[in-house]
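Contents: one structure, followed by commentary.
Since this is a predicted model, take the numbers as computed values, not measurements. All chains are named by letter (A, B, ...) in the order of the sequence lines, taking the proteins before the strands, and each is independently numbered beginning at 1.
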Protein chains: 2
Amino acid sequence: MSPRIGLNQIMILEEAARAADEAGLESVTLAELAKRLQVKTPSLYNHIGGLPDLRKSLAIHGLEQLRIALLNGTVGKAGEEAVLAVGRSYVGFVRQRPGLYEATLSAPDPLDPDVSAASDEILTFMLRIMDGFGLTEEKALHAVRAFRSMVHGFASLELKNGFNMALNRDQSLELMLITYLRGLALSTA
Amino acid sequence: MSPRIGLNQIMILEEAARAADEAGLESVTLAELAKRLQVKTPSLYNHIGGLPDLRKSLAIHGLEQLRIALLNGTVGKAGEEAVLAVGRSYVGFVRQRPGLYEATLSAPDPLDPDVSAASDEILTFMLRIMDGFGLTEEKALHAVRAFRSMVHGFASLELKNGFNMALNRDQSLELMLITYLRGLALSTA
DNA sequence: TTATTATACTAATATAATTAGTTTTAAGTC
DNA sequence: GACTTAAAACTAATTATATTAGTATAATAA
């Protein structure tokens, strides 16, 4: 009757990410996904556990992609240059994959071990970037929190069109990070 | 038959905000709201235009409440002390009214004039707080963007349980803001 | 060739948003 | 106090979604 389309988890995940980037995470419904994949909705259940399950997978996939983007953005860089590069890469990732980034923040249960693990990898990456800044372990943890807050906050506000004014955004990001780093240098001096 | 309950827009809005705080914005459905208000779902349409309309009202209401909270948190303070107070009040508000804060970020159309206006009031408030820092107008705008990014990012990550480690959160916030302010002082010196 | 399994399907159920149209309460008017 | 009217609540129906159960078939393996 109907030739098999050859669906699998990866195809669904990638189509979901594309759909999220195009129209926002909210609009990613199983009905819409099935339409895009030329399949009836219930067929999706042969490959995923349901919508919450898909969202969790999307969150993990997004965190992995984000980590790779940060990694790629910092090859061959160290010190403050590396920190700036992470900031640029982070914001760049959110601009390129807005829906996928949104998914990383909307896991059904953010405390899920698998999601936490993917999140922790980014954290330890950032900690390594801040190695050699001469911070105590505790100060370094505070600094990583600050850094994540800054870049996530910036990217997230930009995503929601929170920056209305005609004022260069890249420059805002750059200035924020440089100003913070200057203050950080003072505290270790 | 059924005695009138005396519903109005405000009652619906406040119940929606409460529900959002209790169970997250996602769980605020008209069906759930109607149940909480002891009314049938279609009755809500006598007072609101529908779910998107309610969400927009919630966003504006949340922005107003946030502005009031910031205002109250800074009476009698000036300079860096005022900036720190805004940061504390901002994060405090998000902790107290997580769902309502979520709503401020999830308006159906963030570029809607009414929502933008409410958002702009917070912006100009922050600009006034930074008056007297000796910044050029452009630098001040960049600084406000940075400040919003920091506090929103911090609050938002905290909300999503993004801070897993056992490390004092209030201290992280305090350190972030102080470190940034130190860097800012350098650039004007 | 046959047996098995995975994949896609149809059918059915439950929840939600929304609209249309009806009844009834509450308020004011004569 | 009876009457009119507008608002507020209702029932009924439509559409969209997620999900489950059960069926048929295509691909694969024996």
**Asked** How many Å lie between CD on Gln9(B) and P on dA9(D), as a whole number?
**Response** 13 Å
**Prompt:** Where along residues 32-62 of chain B does a heavy atom fall under 4.0 Å from DNA chain D?
**Reply:** Val39(B), Lys40(B), Pro42(B), Ser43(B), Asn46(B), His47(B)
**Item:** d(CD, Glu26(A); C1', dA16(D)) in whole Å
**Value:** 15 Å
**Ile12(B), Asp53(B), Leu54(B), Val39(B) screened by side chain to side chain contact (heavy atoms under 4.5 Å, CB included) with His47(B), the one that passes** = Ile12(B)
**Asked** Hey, is Arg18(B) close enough to Glu15(B) for a salt bridge, meaning N to O under 4.0 Å?
**Response** yes
**Item:** Heavy-atom closest contact (Asn168(A) atom, His142(B) atom, distance)
**Value:** O-CE1, 3.6 Å
**Heavy-atom side-chain contact between Leu84(B) and Lys77(B) under 4.5 Å** = no
**Passing candidate, side chain to side chain donor-acceptor pair (under 3.5 Å) with Tyr101(A), options Gln65(A), His152(A), Gln96(A)** = His152(A)
